[in-house]
Amino acid sequence: MGTVKAVCISEARGTQKTNVTSAQVQVGWGICGDAHGGDWHRQVSLLSYEKVEQFNQLGAEVLPGAFGENLIVEGFDFRSLPVGTKLRCNEVLLEMTQIGKECHSHCQIYHKMGDCIMPREGVFAKVLHGGAISVGDQMGIVSEGAEGVEGAEGTDAPDESGVAQVVFHAAIVTLSDTGAAGKRKDQSGQTAREMLEAAGYDIAEYVVLPDNRPEIEETLTRLADEDRIDLILTTGGTGFSPRDVTPEATLAVAERVAPGIAEAIRHHSLQITQRAMLSRGVSVIRGKTLIINLPGSLKAVKESLEYILPELDHGLQILLGLTRECAGSISSSEAGR
């Protein structure tokens, strides 16, 4: 068990937070009144009280909220916990979605100390069940398979074999100059989102970007390395146009290739239209993230996902170490997930 030492919010992003000692936590947002809340996967940020104290002993002299954290909790080394860990405080149920965060512009703390603990020690979570949190409240880890808070969503439940079912975190990246400029509605990306949600995936992020290779590479890298997304689907930018650079950007961030998925999509699409041979989409792996390029058309996205979705679950479980190639499943706790 841990003890909440500070509850912090800020009214604007990019500013230090203030310890308000008590706050309401809302599903789909985060901590009420905090500017970092929203419909995304980093709704609440947490830091270990012990890590803050160690840093202060070096002369930092920071107050609660100085790192931009929402909750400071004594008794946990959050960084040692795997993504997917569920934390309960009173009626509030949180699920860890990210460990650490790249610092693009060094804060005042870094300039003073030459270091900042938030990028490596801070963790982020989304709210599965709301309620109130106050300084002095107890926080605990929800054990694998344990019954969650009544009405909470997103808790892993065992299947008939007793093995916990993992909710995979996915991101959808649509590549379209006109879509990014707001001149065209992104139906393809929204269709992909609806199909993934219907299949039980948690959509951690959805973004529309222009056909700009550096921006695409940066986004894919962030989603894989910082946000620890399990599956990234891109739509668009896979044709012969000079602006179609999605495959090149995807290969640039790849550590391994997974060509069978892209080949399967083309093979299936060729049964529908011979123009499928003109698709240049690729499928790759970066770390423990699978990245798949889908075509840009609504019809092609739907046809492609209908074909590959039934097998992706098994592939992702192998990638994440949750099952063996030809053997039985192992629990997410065994895999350290």
Please name the pair of heavy atoms, one in R266 and one in G281, separated by the smallest distance, quoted to 0.1 Å. NH1-O, 2.9 Å
If you measure only the distance, is there a donor-acceptor pair under 3.5 Å linking the side chains of T178 and K183? no
Does some side-chain heavy atom of N212 sit less than 4.5 Å from a side-chain heavy atom of L175? no
Would you check if N19 and V135 make a side-chain contact, meaning some heavy-atom pair closer than 4.5 Å? yes
Counting only heavy atoms from other residues, nucleotides and ligands, does the tally under 6.0 Å from CD of Q271 exceed 12? yes
State the CG-CG distance between L233 and L305, to the nearest 0.5 angstrom. 6.0 Å
Would you mind reporting whether I308 and I265 have side-chain heavy atoms less than 4.5 Å apart? yes
If we ignore hydrogens and angles and just use 3.5 Å, is the side chain of E218 paired with the main-chain N or O of P214 as donor and acceptor? no
Minimum side-chain heavy-atom gap V44-V127 below 4.5 Å: yes
Side chains of S176 and T174 only: does a donor on one sit below 3.5 Å from an acceptor on the other? no
Are D202 and K126 ion-paired here, with the side-chain N under 4.0 Å from a carboxylate O? yes
Please check: side-chain N/O of N70 versus main-chain N/O of C8, any donor-acceptor pairing under 3.5 Å? yes
Spacing of CZ belonging to F55 relative to CG belonging to L47, to within rounding of 0.5 Å: 10.5 Å
For L81, is there any backbone N or O sitting under 3.5 Å from a side-chain donor or acceptor partner on T85? no
In the single-linkage hydrophobic clustering (I, L, V, M, F, W, Y; side-chain heavy atoms under 4.5 Å), do L270 and F240 co-cluster? yes
Could R193 and E197 be called an ion pair, given the rule that one side-chain N must be under 4.0 Å from one carboxylate O? yes
According to a 4.5 Å side-chain heavy-atom criterion applied to Ile, Leu, Val, Met, Phe, Trp and Tyr, with indirect links allowed, do Y206 and V301 form part of one hydrophobic cluster? yes
Nearest heavy-atom approach of V253 to E217 is CG1-O, 3.7 Å
Any side-chain donor paired with an acceptor under 3.5 Å for T238 and N293? no
When you measure from the side chain of S80 to the backbone of D77, do you find a donor-acceptor pair of N or O atoms at a distance under 3.5 Å? yes
S134 side chain to S22 side chain, donor-acceptor N/O pair below 3.5 angstrom: yes
Measure the shortest side-chain to side-chain distance between F168 and L312 over non-hydrogen atoms and say whether it is less than 4.5 angstrom. no
Path from I216 to V207 over hydrophobic side-chain contacts below 4.5 Å: yes
With distance as the sole test, does R243 use its side chain to make a donor-acceptor pair with the main-chain N or O of D211 at under 3.5 Å? yes
Pair Y49 and F76, ring centroids less than 6.0 Å apart: no
Look up atom CG in L46 and atom CG in L87, then write down how far apart they are to the nearest 0.5 Å. 6.5 Å
Keeping the roles fixed (side chain from E50, backbone from G75), state whether a donor-acceptor pair exists under 3.5 Å. yes
Evaluation steps, side chain to side chain contact (heavy atoms under 4.5 Å, CB included), between L196 and L231: CA-CA 10 Å; L196 285 180; L231 173 67; 4.1 Å; yes
Looking at D230 and K288, is there a salt bridge between them, counting it only when a charged N and a carboxylate O are closer than 4.0 Å? no
Does the pair R222/E205 count as a salt bridge with the N-to-O cut at 4.0 Å? yes
Would R280 and D244 pass as an ion pair if we require N to O under 4.0 Å? no
Using a 3.5 Å distance criterion without hydrogens, assess whether the side chain of E255 forms a donor-acceptor pair with backbone atoms of G287. yes
Aromatic plane relationship, Y307 with H268 - under 30° parallel, 30 to 60° tilted, over 60° perpendicular: parallel
Nearest non-hydrogen partners of R213 and A249, listed with the distance: CG-CB, 4.0 Å
For H41 and Q98, what are the C-alpha separation, side-chain angles and deciding distance, and is it a side chain to side chain contact (heavy atoms under 4.5 Å, CB included)? CA-CA 8 Å; H41 67 294; Q98 181 177 329; 3.2 Å; yes
For a side-chain contact (heavy atoms from CB on, under 4.5 Å) with T234, tell me which candidate from L220, I292, L294, I172 qualifies. L220
Which is it for L71 and I31 under the side chain to side chain contact (heavy atoms under 4.5 Å, CB included) test, yes or no, and what are the steps along the way? CA-CA 10 Å; L71 301 176; I31 296 184; 4.1 Å; yes
Atom of G237, atom of P247 and distance for their closest heavy-atom approach: O-CD, 3.2 Å
Output for pair (M96 CE, F78 CZ), nearest 0.5 Å, gives 8.0 Å
State, to 0.1 Å, how close E69 and S45 come at their nearest heavy-atom pair, and which atoms those are. CA-OG, 3.2 Å
Heavy-atom side-chain proximity of L316 to L290 below 4.5 angstrom: yes
Treat each ILVMFWY residue as a node, draw an edge where side-chain heavy atoms are under 4.5 Å apart, and state whether V173 and Y201 are in one component. no
Say you draw a straight line from CG of L298 to NZ of K185; how long is it, rounded to the nearest 0.5 Å? 10.5 Å
Please check if the side chain of E226 supplies one atom and the backbone of G100 the other of a donor-acceptor pair under 3.5 Å. no
Backbone of S10 reached by a side-chain donor or acceptor of D34 within 3.5 Å: yes
Salt-bridge test for K5 and E74: reply yes if a basic N is under 4.0 Å from a carboxylate O, no otherwise. yes
Closest contact, heavy atoms only, M195 versus L309: O-CD1, 4.1 Å
Any non-hydrogen side-chain atom of V4 less than 4.5 Å from a side-chain atom of I133? yes
Take V7 and T21, measure what side chain to side chain contact (heavy atoms under 4.5 Å, CB included) needs, and give me the verdict at the end. CA-CA 5 Å; V7 181; T21 71; 5.8 Å; no
Would T3 and Q138 count as having a side-chain donor-acceptor pair, cut-off 3.5 Å? yes
Linking I/L/V/M/F/W/Y whenever any side-chain heavy atoms sit under 4.5 Å apart, do V83 and W40 land together? no
Kindly say whether I99 contributes a backbone atom to a donor-acceptor pair with the side chain of R79 at under 3.5 angstrom? no
Taking the side chain as everything from C-beta on, heavy atoms only, tell me whether I141 gets closer than 4.5 Å to R88. no
Between OG1 of T289 and CD1 of I229, what distance do you get to the nearest 0.5 Å? 7.5 Å
